[in-house]
Amino acid sequence: MQFITELKRTHSAGQLRGVDAGKEVVLMGWVKARREHGGATFVDLRDRDGFTQLRFDQSLNADLYEQAKQIRPEFVIAVQGRVESRGEMINPEMATGEIEVVVQRLEIFNAAKTPPFQIRDDVEVNEDLRLRYRFLDLRRDGMQAILKTRSQTNRAVREHLLDHGFLELETPILTKATPEGARDYLVPSRIHAGSFYALPQSPQLFKQLFMVAGYERYFQICKCFRDEDLRADRQPEFTQIDIEMSFVEPEDIYAMVEGMLKRIFKEVKGLDIDTPFKRYTYDEAMARYGSDKPDLRFGLELQDVSDVVAECGFSVFTGAIQSGGQVKALRLPGGGDLSRGQIDKLADVVKIYGAKGLAWMRKKADGSWQSPFAKQLSEAERAAIEARLGIEAEDVAFFVADKPSVVAASLGALRLKLGQQLGLIDKDAYAFCWVTDFPSFEYDEEAKRWVAIHHPFTSPRRADISLMETDPGAVYAQAYDVVLNGYELGGGSIRIHEEAVQSKVFELLGLSKEESRAKFGFLLDALSYGTPPHGGIALGMDRLIMLLTGTDNIRDVIAFPKTLKASCAMTNAPSSVDQLQLDEVHIALKRASTPVEA
RNA sequence: GGGGUUGUAGCUCAGUUGGUUAGAGCGCUGGCCUGUCAAGCCAGAGGCCGCGGGUUCAAGUCCCGUCAACCCCGCCA
């Protein structure tokens with residue numbers, strides 16, 4: 001025995017071809033399948049490269065044939081043998097199908113219990129079981145392909161940025177809690193009783209300080225942490241491609257990111273994507289798509305009909321307009337065959353986003369309207385709506401009347417729902433765009449104060465700086481998102497590089513001079529010691545991999561993800577800790593916690 | 001914090017208006033088979049119907065609670 005010390009693996013399991021016939025080889029890997037034929041046993045041997053058929057033949061070696069009978073799926077074995085052509089028996093379906101390895105020597109490194117689920121892509125398995133046995137799930141071809149794509153993407157990012165003069169620099173994981181933004185993950189300090197580090201929500205300030213320090217072009221592929229509720233595309237810890245550049249304006253960032261994404265798609269998918277990307281201002285995206293991350297793979301744009309129905313007899317419309325709202329519509333060409341039941345289901349969609357209801361009309365073949373509110377409109381008003389929306393016979397149009405944020409959210413969601421339901425989305429398309437000119441601030445009704453929409457270090461447009469004192473809601477930011485197929489792939493901004501402007505923003509956000517000093521004194525100091533104009537962007541690596549691999553679940557692209565409740569099904573993190581550990585970090589629990597099995 | 005879906009064999013699921021002994025495919029175990037291709041044929045084992053209450057003569061099925069996973073709203077500078 002002692003195979004591993006005597007013999008080295010000569011080939012991977014995906015490597016051998018017809019021309020290799022006659023070679024003596026050593027393969028090591030996992031048993032994917034065993035087919036017993038009474039006198040001959042075939043074993044598919046898998047490694048991360050592929051799989052190769054092994055043959056154990058009773059007539060050639062009876063002892064070995066008996067040994068092979070104990071082999072089961074997922075055993076890890078090593079074999080030495082001779083590559084033979086399969087002659088007439090070639091399997092064109094598999095890469096190594098021209099050959100098989102006739103085994104002369106076998107060693108079982110490790111037997112395997114019957115796995116809790118079959119290791120194959122075509123067997124559906126409950127996700128929580130997959131996550132509990134993630135080390136088995138990750139053996140599946142599909143998962144291996146995703147993580148290989150992830151590795152290739154990392155490589156393409158690094159090569160591209162290094163080629164363009166960026167330095168890959170690291171920033172702290174143990175850092176300072178921030179008053180703005182997402183909830184922080186906290187780490188108690190042992191040495192400083194009662195004090196806490198926070199895990200970074202992003203390396204935002206550190207990368208700006210690299211610019212202050214004169215590094216000019218920085219990037220990092222880094223973990224970020226946000227303690228907020230999760231979604232299909234959100235994890236508590238996620239990976240970001242973090243970029244910052246000095247002496248730039250937004251156009252420089254756009255060009256750089258477009259070049260990088262072009263390279264990624266070329267190297268990873270072999271696809272040439274079109275650049276430059278389309279551009280929409282935030283206001284335009286919201287108006288036309290009801291979203292700041294529009295899915296441009298299909299049409300169904302929204303239309304404002306407020307002016308047309310302002311004087312009509314339908315109080316749902318006029319009431320919304322009179323209280324400062326609007327009425328917008330979405331025309332569905334050929335939607336006339338939707339049933340009432342289907343329309344009711346669509347009404348449920350808009351209600352999720354706060355719409356009180358979904359008004360609709362259908363233009364029948366004879367030109368008349370079928371609609372719950374048709375009678376409330378004059379003939380002229382109906383004609384004006386038809387003209388505005390371009391309604392033709394057998395079209396349906398949907399209307400939402402409410403305040404603008406509700407109209408956008410609900411019709412935007414309805415648009416996506418219809419796009420998916422009616423198969424309007426080309427699954428192979430990659431529709432990129434930039435969304436630019438976000439508002440800088442919005443008023444938080446609950447907190448009764450202004451908050452930054454992007455982050456407090458984002459530079460307002462220079463012309464808008466004076467508006468900060470008079471009309472903060474009218475200030476637009478030099479902020480931009482890059483959007484792909486309805487996902488926010490990344491976002492960034494030109495940063496404030498003047499201490500006076502930064503102080504003004506802190507003031508607007510309700511931070512006193514003392515608080516500003518306490519929380520961000522180091523930043524204000526830095527801005528006072530020679531700071532270049534600078535800006536950057538961060539791209540969500542996990543979402544990028546999702547789009548590159550065609551999954552809609554972020555857990556599929558993370559090797560060891562958390563569940564929706566932010567726990568790890570495999571390790572059972574988070575778990576309780578010993579009293580001693582708590583004492584060391586000066587923490588007393590409010591009430592005795594239920595011990596969690598670690 | 002709120003709304004929704006799911007939970008039955010190792011896995012994926014079926015299980016009627018509440019009614020006899022809870023089924024299927026895959027997997028597993030054993031047998032047969034020398035050219036299979038994530039084989040085929042035969043046989044067998046395998047069930048806390050998520051958990052706890054309740055209604056009922058009778059509950060996998062109805063009701064209440066609870067746990068877990070998932071999807072969404074809020075939240076995510």
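In the text below, chain A, chain B and the rest are named by the order of the sequence lines, each starting its count at 1.
- Side-chain contact of A/Tyr289 with A/Asp295: a donor-acceptor pair under 3.5 Å is absent, judged by distance alone.
- Remark: ring of A/Phe42 stacked against base of B/U36; centroid gap under 5.5 Å, plane tilt under 30°.
- No engagement by A/Asp227 is indicated, since no non-hydrogen atom pair under 4.0 Å with the nucleic acid exists.
- Residue contacts for A/Arg183: at a heavy-atom cut-off of 4.0 Å it reaches no nucleic acid atom on any strand shown.
- Pair assignment for B/A68 gives B/U6, based on Watson-Crick or G-U wobble hydrogen-bonding distances that are each under 3.5 Å.
- Closest approach to the A/Glu124 side chain among B/A38, B/U34, B/U12 is made by B/U12 (side chain taken as heavy atoms from C-beta onward).
- Remark: the A/Thr41 side chain and the B/U34 base include no donor-acceptor N/O pair separated by less than 3.5 Å.
- When heavy atoms are screened at a 4.0 angstrom cut-off, A/Pro73 is found touching the sugar-phosphate backbone but no base atom.
- Between the side chain of A/Arg226 and the base of B/C76, no donor-acceptor pair of N or O atoms lies under 3.5 Å.
- A/Glu127 and A/Arg555 are joined by a salt bridge, as a carboxylate oxygen and a charged side-chain nitrogen come within less than 4.0 angstrom of each other.
- Across all strands shown, A/Ile352 has heavy atoms under 4.0 Å from sugar-phosphate atoms exclusively, and none from any base.
- Scanning atom types as modelled, one donor and one acceptor separated by under 3.5 angstrom connect the side chain of A/Arg55 and the base of B/G35.
- Counting only N and O atoms by type, the side chains of A/Gln201 and A/Asp184 include a donor and acceptor under 3.5 Å apart.
- To the nearest whole angstrom, the two P atoms, one in B/C13 and one in B/G30, are 29 Å apart.
- No contact: A/Phe457 has no heavy atom under 4.0 Å from any strand.
- In the set B/G35, B/C76, B/C70, B/C70 carries the atom at the smallest distance from any side-chain atom of A/Arg555.
- At a threshold of 4.0 angstrom between heavy atoms, the contacts of A/Thr178 with the nucleic acid are absent.
- In this structure B/A24 sits in a base pair with B/U12, meeting the Watson-Crick or G-U test at under 3.5 Å.
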A/Asp233 vs A/Arg543, salt bridge (charged side-chain N to carboxylate O under 4.0 Å, His left out): CA-CA, chis, key distance, verdict: CA-CA 7 Å; A/Asp233 64 348; A/Arg543 286 183 192 164; 3.8 Å; yes
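- Using a 4.0 Å heavy-atom cutoff across all strands shown, A/Glu93 reaches no nucleic acid atom at all.
- Ring-plane geometry between A/Phe520 and A/Phe506 is classed as parallel, the angle between the planes falling under 30 degrees on a 0 to 90 degree scale with a further cut at 60.
- With B/C37, B/A38, B/U29 as the candidates, the nucleotide lying closest to the side chain of A/Arg72 is B/U29.
- The A/Leu564 side chain lies nearest to B/C71 when the options are B/C71, B/C26, B/U12.
- Across all strands shown, nothing is found opposite B/G35 as a Watson-Crick or G-U wobble partner with both distances under 3.5 Å.
- The base of B/G74 sits with one of its N or O atoms less than 3.5 Å from a complementary donor or acceptor on the side chain of A/Asp229.
- Residue A/Ile119 is classed as a base contact, given a heavy-atom separation below 4.0 Å to a base.
- No hydrogens or angles were tested; on distance alone, a donor-acceptor pair under 3.5 Å links the side chain of A/Glu100 to the base of B/G35.
- A donor-acceptor contact under 3.5 angstrom links the side-chain atoms of A/Arg231 to the base of B/G74.
- One N or O donor and one acceptor, one from the side chain of A/Gln53 and one from the base of B/U36, sit under 3.5 Å apart.
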